[in-house]
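Just so we're on the same page: letters track the sequence lines, and every chain starts at 1.
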Amino acid sequence: MWRFAGVDVATARARIEAALEIGITLFDTADIYGIDGPGFGSAEELFGEVLAEAPGLGKQMVIATKGGIVPGVPYDSSAAYLESALDASLRRMKLDHVDLWQVHRPDILTHPEDLAKTLARMVESGKVRAVGVSNFTAGQVAALQTHLPFPLASVQPEFSPWHSAPVWDGVLDQAQALGASVLAWSTLGGGRISLPGPVTALIEHKAQETGVAKAAAAYAWVLAHPARPIPIVGSQQPERIREAADAFKVEWTRAEWYEVLQASTGERLP
Amino acid sequence: MWRFAGVDVATARARIEAALEIGITLFDTADIYGIDGPGFGSAEELFGEVLAEAPGLGKQMVIATKGGIVPGVPYDSSAAYLESALDASLRRMKLDHVDLWQVHRPDILTHPEDLAKTLARMVESGKVRAVGVSNFTAGQVAALQTHLPFPLASVQPEFSPWHSAPVWDGVLDQAQALGASVLAWSTLGGGRISLPGPVTALIEHKAQETGVAKAAAAYAWVLAHPARPIPIVGSQQPERIREAADAFKVEWTRAEWYEVLQASTGERLP
Amino acid sequence: MWRFAGVDVATARARIEAALEIGITLFDTADIYGIDGPGFGSAEELFGEVLAEAPGLGKQMVIATKGGIVPGVPYDSSAAYLESALDASLRRMKLDHVDLWQVHRPDILTHPEDLAKTLARMVESGKVRAVGVSNFTAGQVAALQTHLPFPLASVQPEFSPWHSAPVWDGVLDQAQALGASVLAWSTLGGGRISLPGPVTALIEHKAQETGVAKAAAAYAWVLAHPARPIPIVGSQQPERIREAADAFKVEWTRAEWYEVLQASTGERLP
């Protein structure tokens, strides 16, 4: 769960508790979240305040964050920057380590060998249990993995019924080859779930049939992919977060799943 | 050879004998062939009847078939489905094994590791001598090969003078890296050989010059690729099948071959 | 440096000396250079005459050439052709070996395993210190590397502020994975540096700010990529060649570098 921003600690805590209640255990944030509100780092700070107020919550969580986006640059994966970014994230979250730390966007200006060294040092330092990447192409992942002394733990593509690109561009094939976990962002299509269209119609139909919210049907579609992508629930409303649990009530048949995939690309499979 | 459908055993046998006569030894069918006629499985059934009638023929053949397309789904590569599909194919063909069994289309919903296990079991069971895939992208082949305990025997892209995509999308590069055999389907461009156009004009010119049928010139063009793609002869008319043998009379010079390739893409090479 | 053509030995020598003066040590030519002027092989011949006249120059150089383009074919990487092409290049340049020999363009009709054998023999023969490729896709490089008994020394994509394709198509990712050197051709955008446009405007601005020629700012942009591409200076005018040295005076900030990259694709990075 992510994008805590512009709210007080009590509200943020209610959201986190709603998520934990329904069995969400992976919490993904980023140093950049909150940039459009209180500012860079504000989501992590709020998260840290909730954890400080209720230390028991942290024990139930797998905590993930990201760094490497620098507003106006826009990316920096140099060792010096990423190390300071990680330290700043930990400070804001009042943690001595995170379970997963991810490079938020590929920095074209950092050699994958240098990035691999930085990530390996993060793990060695104990500040990070595992490292992953977000929005990397298959070629960028391959170059990084070549130089990394351990398997990359995760990738994080945009993936949803409205955006099936990672099915076709090799990212999910590669994750399944490497055994990397997949976190899927923008699983409700960046709001397209609220707009009419062929994909939304199929999601809506499935949701009605199963008696769940549209979002739950969309999450279930993502979860049905064999790479077992973990859909990132972006909503900030506790009732919406609770709806996500219904994803496990939805069973997409193969034919239905493929109908959505085909609606997503606009092309029939042969 | 393929797509026996809507004919009697004698006709089918005449076709098979015509193919064997000219030195065709690899016979490729699929459980789905015949779906537009007598139905799913009918091509394999007919093939099985010919083999039963003339057991000597089978001994001269390398027999290949495919499974994994389920009308209306459209794909299923789950272990349960593929194993039952293979058994059904063998039953229809009255065989205890096939030389090559291919996944007809990539099933996005099956993890490549699971598919690899299914294929490995097929080989272990003795029902299949070797396994291959059809219409897989390079990324899908790479993911499957990672998990497969032996080299993939074959890939089967669409490849013809009218459709040179596998030259550019990495599929033929990868086959040459892996040492996989290449079977080429729709080698007459799915009928485009009968339509006027820049590619057809070059094929026609070469055919006239060499005194062969257009189809033979097209097959020869496919055979000239260094991955040594085996052109699948789709015709059902014995005289057309016999024409295929003339492919070996045609020698494309480099310059001529590249002219066709450039006509195929519509772009001049630099 | 390259494309000596249509000039006398004294002029060519002045150019080479201008390049050496500013610290350029890698000289890249090709058997085809000069084809639009005095003819195939003429650039290498002229180069050979300069080396014969001033043998001391050769000792200061890393000499690279290329073969495999045959006008009207257009490519041939068969063993017989490439071996004769290399011998002809050495004869024209009056050398017993070159430091780097490159396949100029991928020949679709040569199996990567055969090409690998040819390249390995070139190195074994002592006629070539190292081998590389030019204009190969990532898939073509991967297939070749699979069969090559040593790491490919270099790749040579078109890469410039006006043409950033290798950032996105996997070629630079792969070079960084393999540790291959990168030579960048057409680093001034094939003349686009003289045409107005968003990329040129940014290059111009940086050049003015730093007090260098536009070309130097463009070379510096290429050099800033972590694959450390070596920009090939194509100019034939000694004063322009000398300007190239100013590339080392230019420091692109990350933000500025990314501005150019985004102007190059016309799309903002998220």
Colleague: Can a salt bridge be assigned to the pair Arg192(B) and Glu158(B) using a cut-off of 4.0 Å between side-chain N and carboxylate O?
Modeller: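 Yes.
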
Colleague: Is it the side chain or the backbone of Thr110(B) that comes within 4.5 Å of chain A heavy atoms, both, or neither?
Modeller: both

Colleague: Is a side-chain N or O of Lys214(A) found less than 3.5 angstrom from the main chain of Ile193(A), in a donor-acceptor match?
Modeller: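 Side chain of Lys214(A) to backbone of Ile193(A): a pair is present.
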
Colleague: Would you mind telling me which of Val73(B), Asp114(B), Thr146(B), Leu109(B) has the largest number of heavy-atom pairs within less than 4.5 Å of chain A?
Modeller: Leu109(B)

Colleague: Sort Asn135(B) into side chain, backbone, both or neither according to what part of it lies under 4.5 angstrom from a heavy atom of chain A.
Modeller: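 For Asn135(B), neither part sits under 4.5 Å from chain A.
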
Colleague: With a 4.5 angstrom heavy-atom cut-off, is it the side chain or the backbone of Leu178(A) that approaches chain B, or both, or neither?
Modeller: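 Answer is neither: Leu178(A) stays 4.5 Å or more from chain B.
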
Colleague: Does any heavy atom of chain A fall under 4.5 Å from the side chain of Glu113(B), the backbone, both, or neither of them?
Modeller: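 Neither part.
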
Colleague: Nearest 0.5 Å please: distance from the CZ atom of Phe159(B) over to the OG1 atom of Thr187(B).
Modeller: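 Those atoms lie 10.0 Å apart.
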
Colleague: Any carboxylate oxygen within less than 4.0 angstrom of a Lys/Arg side-chain nitrogen, looking at Arg121(B) and Glu83(B)?
Modeller: yes

Colleague: Tell me whether the NZ or CZ atom of Lys66(B) lies within the 45° cone about the ring axis of Trp101(B) and under 6.0 Å from its centre.
Modeller: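 Cation-pi check for Lys66(B) and Trp101(B): fails.
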
